[in-house]
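Accompanying notes for the structure given below.
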Amino acid sequence: MLDKLASVSVIARTGFLAATLCACAVPAYAAGFDKPVLLALSEIKKEELPKAAETAPAKPDDKAPAGATPPAPPPPASDTKPATTPEKPAAPAATPDKKAPEAPAAKEGDAAGTRDNLALPNVPEGSAPPHVEYDVTKLPFPVQKMRELILTAAKSGSLEALRPLIGSGDDVTQLSLADVDGDPIAYLKSLAGDTDGQEILAIAVDILNSGYVHLDAGTPDELYVWPYFFAYPLDKLDAKQRVELFQIVTAGDYDEMKQFGTYVFYRLGITPKGRWRFFVNGD
């Protein structure tokens, strides 16, 4: 009987010891698998969180921390229209052969103003008579100088003395309403009633000793012109002025001019800078 009690006691102790060992072994065993279990839970939590690529963009009014670089926007889909219309390419520069030619600068005294030919009579219909001046000291100095040079050359009796004053090329003095071919001195001589051309020289002297007018002041057509009849209505000449006219033309010439309504005999023009612009006869 004692042996049975001893066996039961041994079995009870063994069971208690086994239970104790199991109780200690379970945490130990669980401890051995602690890391894998935690990792599994961690993975589950990560899957439940939103992915980084799917993070909602910051609102426009959210302030980014100083120095932070804003994330690049995702590339637009191929079928998405651009937000703004692309700028049109600049027009190509004109090629040299298509460049519009520049207009040449107008020379002083050239027909760059309101009239095609400055030597044509300049009496606008219905216009008031221009101011007539006789005092040559009121002329600009270059005009005074050219007038004196022409008078001196004309009084010399030689047409050749006018050659350096007439000039050449683009600055040549206009001697006719048409083009002049050949030598200008020879042309003037052909207009004279005498063989040496003194008649032309005498006309130049008479014209430059008459009254003059200042025309188109401040324009490319600005001129000082002798005689003043060039710009004066013939039907408005008084008796004194007709005497001055007859010092240059005959009464028969005057009657013919009235048919034209303007003076059409020799006239001489000088620009404000002293260029002898024209010495022309005719209409």
Side-chain angles (χ1 to χ4, degrees), residues 106-151 154 165-166 171 173-178 200-283:
K107 296 181 180 179
E108 185 217 13
D110 285 349
T114 58
R115 293 184 286 125
D116 294 332
N117 193 329
L118 298 181
L120 288 172
N122 183 24
V123 186
E125 185 177 355
S127 61
H131 173 70
V132 179
E133 187 60 67
Y134 295 89
D135 187 356
V136 295
T137 63
K138 294 182 178 180
L139 293 168
F141 177 76
V143 181
Q144 291 186 47
K145 186 64 176 178
M146 178 55 73
R147 175 182 175 275
E148 292 171 2
L149 290 173
I150 296 172
L151 279 173
L165 305 179
I166 291 174
D171 291 333
T173 300
Q174 182 181 355
L175 301 176
S176 172
L177 295 176
I200 300 300
L201 296 175
I203 291 172
V205 172
D206 287 342
I207 286 176
L208 288 175
N209 283 329
S210 67
Y212 64 89
V213 287
H214 181 198
L215 303 177
D216 302 317
T219 74
D221 294 341
E222 184 174 4
L223 283 171
Y224 293 86
V225 183
W226 290 261
Y228 65 87
F229 309 112
F230 173 76
Y232 207 101
L234 293 180
D235 59 353
K236 294 181 180 180
L237 293 174
D238 59 24
K240 175 178 174 295
Q241 290 171 322
R242 282 194 292 272
V243 170
E244 294 174 350
L245 177 63
F246 292 148
Q247 290 179 294
I248 301 173
V249 301
T250 65
D253 294 331
Y254 173 58
D255 289 336
E256 291 181 4
M257 289 180 190
K258 286 191 292 185
Q259 296 177 10
F260 289 100
T262 186
Y263 173 88
V264 293
F265 195 55
Y266 281 95
R267 56 269 192 187
L268 189 153
I270 302 176
T271 71
K273 292 186 178 181
R275 177 189 172 194
W276 185 4
R277 185 66 180 84
F278 59 78
F279 179 48
V280 171
N281 177 32
D283 58 355

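Bear in mind that the values here come from a model prediction, so they are computed numbers and not experimental data.
The CG atom of Leu245 lies 8.5 Å from the CG atom of Asp253; values are rounded to the nearest 0.5 Å. Here the CG atom belonging to Leu118 is positioned 11.5 Å from the CD atom belonging to Glu222, to the nearest 0.5 angstrom. Considering CG of Leu268 and CD1 of Ile150, their distance stands at 5.0 Å, rounded to 0.5 Å. Atoms OG1 and CG, from Thr173 and Leu165 in turn, are 8.0 Å apart once rounded to the nearest 0.5 Å. Distance CD1/Ile166 to CG/Asp171: 13.0 Å, rounded to 0.5 Å. Summarising the geometry, atom CG belonging to Leu149 is positioned 6.0 Å from atom CE belonging to Met146; distances are rounded to the nearest 0.5 Å.
Under a cut-off of 6.0 angstrom, the local environment of NZ in Lys258 is crowded, with over 12 non-hydrogen atoms contributed by other residues, nucleotides or ligands. More than 12 heavy-atom neighbours from other residues, nucleotides or ligands sit within 6.0 angstrom of NZ on Lys236.
With sequence neighbours excluded, the residues forming a ring-ring contact (aromatic ring centres under 6.0 Å, His included) with Tyr266 are Phe279, listed by chain and number. Residues satisfying the ring-ring contact (aromatic ring centres under 6.0 Å, His included) test with Phe246, not counting sequence neighbours, are Tyr254.
Counting only N and O atoms by type, the side chains of Gln144 and Tyr224 include no donor and acceptor under 3.5 Å apart.
Closest of all the heavy-atom pairs between Val143 and Thr271 is CG2-O, 3.3 Å. Between Val280 and Ser176, the shortest heavy-atom contact is CG2-N, 3.8 Å. Looking at every heavy atom in both residues, Glu244 comes nearest to Phe229 through C-CZ, 3.8 Å. Closest of all the heavy-atom pairs between Gly261 and Leu234 is C-CD1, 4.4 Å. Contact detail for Leu237 and Tyr228: the closest heavy-atom pair is CD2-CE1, 4.4 Å.
Using a 4.5 Å cut-off on side-chain heavy atoms (C-beta onward), His214 and Glu133 make no contact. Taking the side chain as every heavy atom from C-beta outward, Pro227 and Tyr232 never approach each other to under 4.5 Å. Side chains of Leu151 and Arg147 form a contact here, defined as non-hydrogen atoms less than 4.5 Å apart.
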Pairs of donor and acceptor atoms involving the side chains of residues 201-212, under 3.5 Å and at least two apart or interchain, shall be tabulated with distances.
unit_1 : atom_1 : unit_2 : atom_2 : d
Asn209 : ND2    : Val205 : O      : 3.2
Ser210 : OG     : Ile207 : O      : 2.5
Tyr212 : OH     : Asp135 : O      : 2.7

* To do: Apply side chain to side chain contact (heavy atoms under 4.5 Å, CB included) to the pair Met257 and Thr262, showing each step before the final yes or no.
  => CA-CA 6 Å; Met257 289 180 190; Thr262 186; over 6 Å; no

* Asked: Hey, mind stepping through Ile270 and Trp226 against side chain to side chain contact (heavy atoms under 4.5 Å, CB included) and telling me if it holds?
  -> CA-CA 9 Å; Ile270 302 176; Trp226 290 261; 3.8 Å; yes

* List the steps, then state whether side chain to side chain contact (heavy atoms under 4.5 Å, CB included) holds for Asp221 with Leu215. => CA-CA 8 Å; Asp221 294 341; Leu215 303 177; over 6 Å; no

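Not one N or O on the side chain of Arg277 forms a donor-acceptor pair closer than 3.5 Å with the backbone of Leu223. Within the 3.5 Å criterion, the main-chain N or O of Asp238 finds a donor-acceptor partner in the side chain of Gln241. Side-chain atoms of Trp276 come within 3.5 Å of backbone atoms of Phe278 as a donor-acceptor pair (strictly under, hydrogens ignored). In terms of modelled atom types and a separation under 3.5 Å, the side chain of Arg267 and the main chain of Phe265 share a donor-acceptor contact.
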